[in-house]
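In what follows, a single structure is set out as structure tokens and then discussed.
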Amino acid sequence: MLDAKILRERPSEVLSIYRERLFDDAAAELAQAALALDDKRRNLLQAADELKNKRNSASQLIGREKDAEKRAALIKDMESVKSEIAGYDAQLAETETELDKLLLQLPNLPDPEVPTGKSDSENKVVREEGKQFSFTFTPKPHWEIGESLGIIDFERGVKISGSRFYILKGAGAQLQRALISWMIDVHLDQGYTEVYPPFMVKELCLYGTAQLPKFGENLYRDAEEDFYFVPTAEVPVTNLYRDEILENDQLPLRHVAYTACFRREKMAAGRDTRGMKRGHQFDKVEMVQFVRPEDSKQALRTLLSDAEEILKQLELPYRVIQMCTGDLSFAACEKYDLEVFSPGVNEWLEVSSCSNFGDFQARRAQIRYRPGKDKKDKPRLVHTLNGSGLALPRTVIAILENYQQADGSVRVPTVLRPYLRGREFIK
RNA sequence: GGAGGAGUGGCCGAGUGGACGAAGGCAGCGGUCUUGAAAACCGCAGCGCGAAAGCGCCGGGGGUUCGAAUCCCUCCUCCUCCGCCA
């Protein structure tokens, strides 16, 4: 959530960032409306507080007054104050509800260093790493490899669950499971602490990480209870410390979690339906960090390199993309994607997204820390970051397509062999 | 799912309508003492909004009252017993 104080103190700056950097006139208008409501709220609050002060001191007098008649008179005097307060409180509650509704819809402000651009076409390729595989034959797409090896069953996936579902079988299922274990182990060595969170969370959590209120159409939810299926481990893991004040020496907190992720992908009907690039359910290993504000820029670089380490060790060719302002996600102030090249589908596949959210999520979820022991060291909001390390299906695609052999088998990347009982080929 | 009990500050815990933002203890911070530390003693000390005065916050929400941690309603969570279950 955007800090109402920043909006109040530097309104023209915020508006021009929304208009000229994010190209989001709607956000600028919401911000202007929020500004007016914030002013209204402050006026109401002051009026209500003055009356409450009056009531509080009168109530004390009444408590001390022994004379029944005087007492009755004082009480009678306060009756009108009571209803006045109720009136202000009602208006105040209404104004605050409206204001919150607006603030929750305002996107984060980009870091000053993020290049301005309108769409993904203006994203910047920061660098390319790794060597592309060369083939003496035309590389096949993973759906052909998977079907001929009997390790991916698309038809039965569709039969039991519908479009955008598939079954991993035999070595396919084992490969994915091996990848999950191995990825987590790599991140443990990088200093992360593993957590296994719920895959279903309360609605409040989705507000904390900012999937709600704006992006509800991509979420699955229980029809009769307050449960949402997580679209990413970011949601349960970030909310771990919701409404908490952490001690300074607990930071930075770095977690790695495996979860299944559930997304409706409603808008993309027909697109990416072939193969396992975009399913309604997919596995992901996710890193989440909670850091001091002054450390978050550096933490993003570390997070990115922690994710890259996976692709390096798998010896897959990839590139690092910096999102321009227009392609930044709603909550992020800075974001990098990792894309792995996959020769069968002949495209760069997004396997990781690493973002710094600044205090945007922390403000929504009220995740704070105490900078020092002194009483003047008031609790401050932490900065949160997360990055995939990595998304499983697309990593499996890249392995199958890059490591495919002329004879139709797939070579197992060296680092994975211990996790696949020493096996060198899938055939 | 049924029956009963309970939710108070970082933690434990007192408080059943009036000076309670909340006794006491532990933990924390500052000081005295000490070569240093511990102990002992003294003091400070919750969170939010606000420039401040002040206002709000005793699981969440609502109500009664001049006044609610305290009374009422409702929801949530935890504990005990029973039922069911991987």
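Just so we're clear, the structure is a prediction, and the values are computed from it rather than from any experiment. Per chain, numbering begins at 1; letters A, B, ... match sequence-line order.
Pairing for B:rU77 goes to B:rA6, judged as Watson-Crick or G-U wobble with the two contacts each under 3.5 Å. Base pairing of B:rU35 is not made with any nucleotide, judged by Watson-Crick or G-U wobble geometry with both donor-acceptor distances under 3.5 Å. Nucleotide B:rA19 forms no Watson-Crick or G-U wobble pair with any nucleotide shown, as no partner meets the under 3.5 Å limit on both distances. Remark: B:rC57 base-pairs with B:rG46. Criterion, Watson-Crick or G-U wobble with two distances under 3.5 Å. In this structure, B:rC84 makes no Watson-Crick or G-U wobble pair, since no nucleotide meets both defining distances under 3.5 angstrom.
A:R41 CZ to A:L44 CG: the interatomic distance, rounded to the nearest 0.5 Å, is 9.5 Å.
Look at A:R370 and you'll find a side-chain N or O under 4.0 angstrom from OP1 or OP2 of B:rC47. A:R368 has no side-chain polar atom (N or O) that falls below the 4.0 Å cut-off from OP1 or OP2 of B:rC47. Applying the 4.0 Å criterion to OP1 and OP2 of B:rG50, one finds that A:R8 has a side-chain N or O inside that range.
Position along RNA chain B of the nearest nucleotide to A:Q366 versus A:Q60 favours A:Q60 as the more 5'-ward residue. Across the interface with RNA chain B, nearest-nucleotide mapping of A:I245 and A:K5 shows A:I245 to be the residue nearer the 5′ end.
Note on ring orientation: taking the six-membered ring where Trp is involved, the planes of A:F165 and A:H280 are tilted (angle from 30° to 60°). Ring geometry for A:F262 versus A:F199: interplanar angle of 30 to 60°, hence tilted.
For residues 409-427 of chain A, there are no salt bridge (Lys or Arg N to Asp or Glu O under 4.0 Å) pairs, not counting sequence neighbours.
Separating the C1' atom of B:rA23 from that of B:rU8 is a span of 12 Å, rounded to the nearest Å.
Using a 4.0 Å heavy-atom distance criterion, A:R380 is classed as making no nucleic acid contact.
Between the P atom of B:rU77 and the CG atom of A:D243 lies a distance of 16 Å, rounded to the nearest Å.
A:R264 and A:Y220 share no side-chain donor-acceptor pair at under 3.5 Å.
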Going 5' to 3' through nucleotides 53-68 of chain B, assign each nucleotide B (protein heavy atom under 4.0 Å from a base atom), S (under 4.0 Å only from sugar-phosphate atoms) or - (no protein heavy atom that close).
-BSS--------BBS-
